[in-house]
J.: 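Structure below; questions to follow.
Letters A, B, ... mirror the listed sequences (proteins, then strands); counts begin at 1.
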Protein chains: 2
Amino acid sequence: MSSSLKDVAARAGVSARTVSNVVNGSARVSTQTRQRVQEAIDELGYRPNLAARNLRAGRTGVIGLAIPELHSPYFGELAGLLVDEARRRSWTVIIDQTHGDAEAERRLLTGDGGRAMDGLIISPWALEAQEVATTARPLPVVLLGERSPQGLADRVAVDNVAAADEATTHLLALGRRRVAAIGLQPHLHNGTAEQRAEGYRSALRRAGVTPKPRWERSVTSLHRQDGARAMAELLDGDDGDTPDAVFAFTDELALGALHMAHARGLRVPDDLAVVGFDDIEDSRFSHPTLTTVSPDKRQIAERALQCLADRIYSPENEVPALDLTIPHRLVVRGSTGPGAQAH
Amino acid sequence: MSSSLKDVAARAGVSARTVSNVVNGSARVSTQTRQRVQEAIDELGYRPNLAARNLRAGRTGVIGLAIPELHSPYFGELAGLLVDEARRRSWTVIIDQTHGDAEAERRLLTGDGGRAMDGLIISPWALEAQEVATTARPLPVVLLGERSPQGLADRVAVDNVAAADEATTHLLALGRRRVAAIGLQPHLHNGTAEQRAEGYRSALRRAGVTPKPRWERSVTSLHRQDGARAMAELLDGDDGDTPDAVFAFTDELALGALHMAHARGLRVPDDLAVVGFDDIEDSRFSHPTLTTVSPDKRQIAERALQCLADRIYSPENEVPALDLTIPHRLVVRGSTGPGAQAH
DNA sequence: ATGAAAGCGCTAACAC
DNA sequence: GTGTTAGCGCTTTCAT
């Protein structure tokens, strides 16, 4: 098997203590001894055993990342940024996909891993934010997304209501009046959908447009095919009152809607203007390119890790839970670009 | 702090041994004792400490997953499947993004983690497969992708040459003769690009078409913008000899090419037929939908985990390294669909 | 500047 | 069926 600290000590003719000091660069060791120890380390190919180190230190250097789905572009991009940022801080990331399942979300929180991690970043779908916060205790947790833990834990999110309002207002400013929304999720008490719907409605009302229930389409999940299906429902309306604009609550939904619009022979943006939410990579290359709300994902990742670091390294600072709002901006592209002005 | 096995033992009035047995369900324990212990566990909210368990058992229950980039759809989808499959086998996954950087790839192999994992799944970009295999020793490793470790470790991949040949042959069968390729990476000695180029050329030759250097476009990375740039180069050819078909080595490249073709006013598939590789979700909803080579990703994930499990749990079986070829199929969609027949 | 030794929480070999 | 005990490899007080 592989060699231990004791082996190194024996080989270098010093005590374990000294080897430990060399490895951790902690106390002062004479240059001569250090060199001898280093040689022994190299010769033996010694690697400190993390399990033992953690057992002693009571800290693992590992954080958990619980995310609904890795394959969706938004979460894929976010996970990538979070992993990189964690690495910068010398943390290892264990990742888990919850698929929005309550049991799966609880699994990590109840420490199924057994103090296997120092902290957790979670984007809950099924669980109430408050349940997440209380269940996790005393594990430091940062929540990502719309559901507020009401001061029981740190949270990082964009202002969804404002962002949805902006997106809708943008469509209205083009002169569109029959503005539909795709992405409600009444079966989930999902803050995301609710907040975006709220922003959508408030923008309509401010413009003097009465929200129309038929134009608010629900979806089961947030993927392209759900968007395509919802778009089909909108176009199949028998009252001939089809929308001239759509605000989709995610880019994936918007791309699905775009797909269906093409299939039905609609011209985008002339016949139908479309706005999405997330600014995933695809949206910059779709046909037409997609106007979308762009949250600052990098900042989400950085702030989330910063919060976690503060909780882990300074638990004694009983700082009240933070609620960080990350900036976003509306990126105007082809799907509402030139040609989108209503006639 | 949290309670230990010893605390539980004291509270239940039994020895540590018995508690351990209850927790692990190992030896037989009288129903009465078990119940008493269970109560103590519940009351104290006891959770076994993983670090200690690992230290004893010499096994961590953790596997590593080293992937170039989480944000790219192909790797995002694959990572999702791998994580789910690992979970099914009760493994925890620590994830790392290498960004195709040699140092980053080596980091995990040299056990920077310090036996922090029982095995590793890696999709190398920078490192030679053989270096990966030898550096990792004695850590069990499964390689994903095109570079062969020459029997030094297990590998799971699709037959790239055959797949690229099929894709190209499909374009030729439509009557196209000016078939370009996008995605060569001469600066990387990347098996992927080389093998796909080989399949592309062999298909051309078999059809009596002489491969033309100008039609083989190199890219820096494999993303949409690289595909768009390469497409622009092809269309900017001053000899008027522009291609009537493109085989892109990844779907992302193909989608970028599609984007540029639209921008230049080309009709796809009429003016230009396009085939990609990977079958990412976007390709089913792009405009037009993308014909692509679809590797069986789920099977890649399952087989990779199976290999790893065999090495970890039965290291004594000195089974020679496996080289598993995963099935793929050509999925024909709009980008080479009706209308693609050459005139 | 270095050594000796205790002990982190757990499992398993050995008793009974 | 259950108790006792010896470490797993490391860090860290207490000595020297």
J.: Within this structure, what is the CG-to-C1' distance between Asn24(A) and dG9(D), rounded to whole angstrom?
T.: 13 Å

J.: Can you tell me the distance, in whole Å, between the CD atom of Gln32(B) and the C1' atom of dT2(D)?
T.: 13 Å

J.: Quick one: on DNA chain D, does Arg56(B) or Ser15(B) contact a more 5' nucleotide (nearest heavy atom)?
T.: Ser15(B)

J.: It should be established whether Thr33(A) places a side-chain nitrogen or oxygen under 4.0 Å from OP1 or OP2 of nucleotide dA1(C).
T.: no

J.: Whole angstroms only, please: what is the CG-P distance between Leu50(A) and dC10(D)?
T.: 10 Å

J.: Going by the rule side-chain contact (heavy atoms from CB on, under 4.5 Å), which residues pair with Ile326(A) if we only count those two or more places apart in sequence or in a different chain?
T.: Val156(A), Val158(A), Asp296(A), Gln299(A), Ile300(A), Arg303(A)

J.: Quick check for you: among dG3(D), dG9(D), dT2(D), whose closest atom lies nearest to any side-chain atom of Asn21(B)?
T.: dT2(D)

J.: Rounded to whole Å, please give me the gap between CG in Leu5(B) and P in dA12(C).
T.: 12 Å

J.: To the nearest 0.5 Å, what is the distance between CD (Gln97(A)) and CZ (Phe75(A))?
T.: 11.0 Å

J.: For Arg47(A) and dC8(D), what is the distance between atoms CZ and P respectively, to the nearest whole Å?
T.: 22 Å

J.: Please examine the side chains of Arg53(A) and Asn24(A), heavy atoms only from C-beta on, and report whether any two atoms are closer than 4.5 Å.
T.: yes

J.: For the residue pair Tyr313(B) and Trp91(B), does the interplanar ring angle fall in the parallel (under 30°), tilted (30 to 60°) or perpendicular (over 60°) class?
T.: parallel

J.: From the options Val93(B), Val141(B), Leu305(B), Leu143(B), select the one residue that forms a side chain to side chain contact (heavy atoms under 4.5 Å, CB included) with Ile121(B).
T.: Leu305(B)

J.: Could you give the CG-to-P distance, from Leu55(B) to dC10(D), as a whole number of Å?
T.: 9 Å

J.: What I want to check is whether an N or O donor and acceptor connect the side chain of Arg53(B) with the base of dG9(C) at under 3.5 Å.
T.: no

J.: List the steps, then state whether side-chain hydrogen bond (donor to acceptor under 3.5 Å, both in side chains) holds for Arg89(B) with Gln306(B).
T.: CA-CA 9 Å; Arg89(B) 294 170 181 270; Gln306(B) 180 61 51; 2.8 Å; yes

J.: Choose from dG9(C), dT2(C), dC10(D) the nucleotide whose nearest atom is closest to any side-chain atom of Ala52(A).
T.: dC10(D)

J.: What nucleotide, of dC10(C), dG3(D), dG9(C), holds the atom closest to the side chain of Thr18(B)?
T.: dG3(D)

J.: Where the side chain of Arg17(A) is defined as all heavy atoms beyond and including C-beta, which of dT11(C), dA1(C), dC14(D) is the nearest nucleotide?
T.: dC14(D)

J.: Apply side-chain contact (heavy atoms from CB on, under 4.5 Å) to Gln32(B) and list each qualifying residue two or more places apart in sequence or on a separate chain.
T.: Ser30(B)

J.: Angle between the two end axes of the helix from dA1(C)-dT16(D) to dC16(C)-dG1(D), five base pairs per end, rounded to 10 degrees?
T.: 30°

J.: Once you apply a heavy-atom cut-off of 4.0 Å, does Val14(B) come out as touching a base, just sugar-phosphate, or nothing?
T.: sugar-phosphate

J.: Could you tell me how far apart Ile41(A) (CD1) and dG9(D) (C1') are, to the nearest whole angstrom?
T.: 14 Å

J.: Please report, rounded to the nearest Å, how far the P atom of dG3(C) is from the NZ atom of Lys6(A).
T.: 15 Å

J.: Which nucleotide in the set dT11(C), dC8(C), dT11(D) lies at the smallest distance from any side-chain heavy atom of Ser20(A)?
T.: dT11(D)

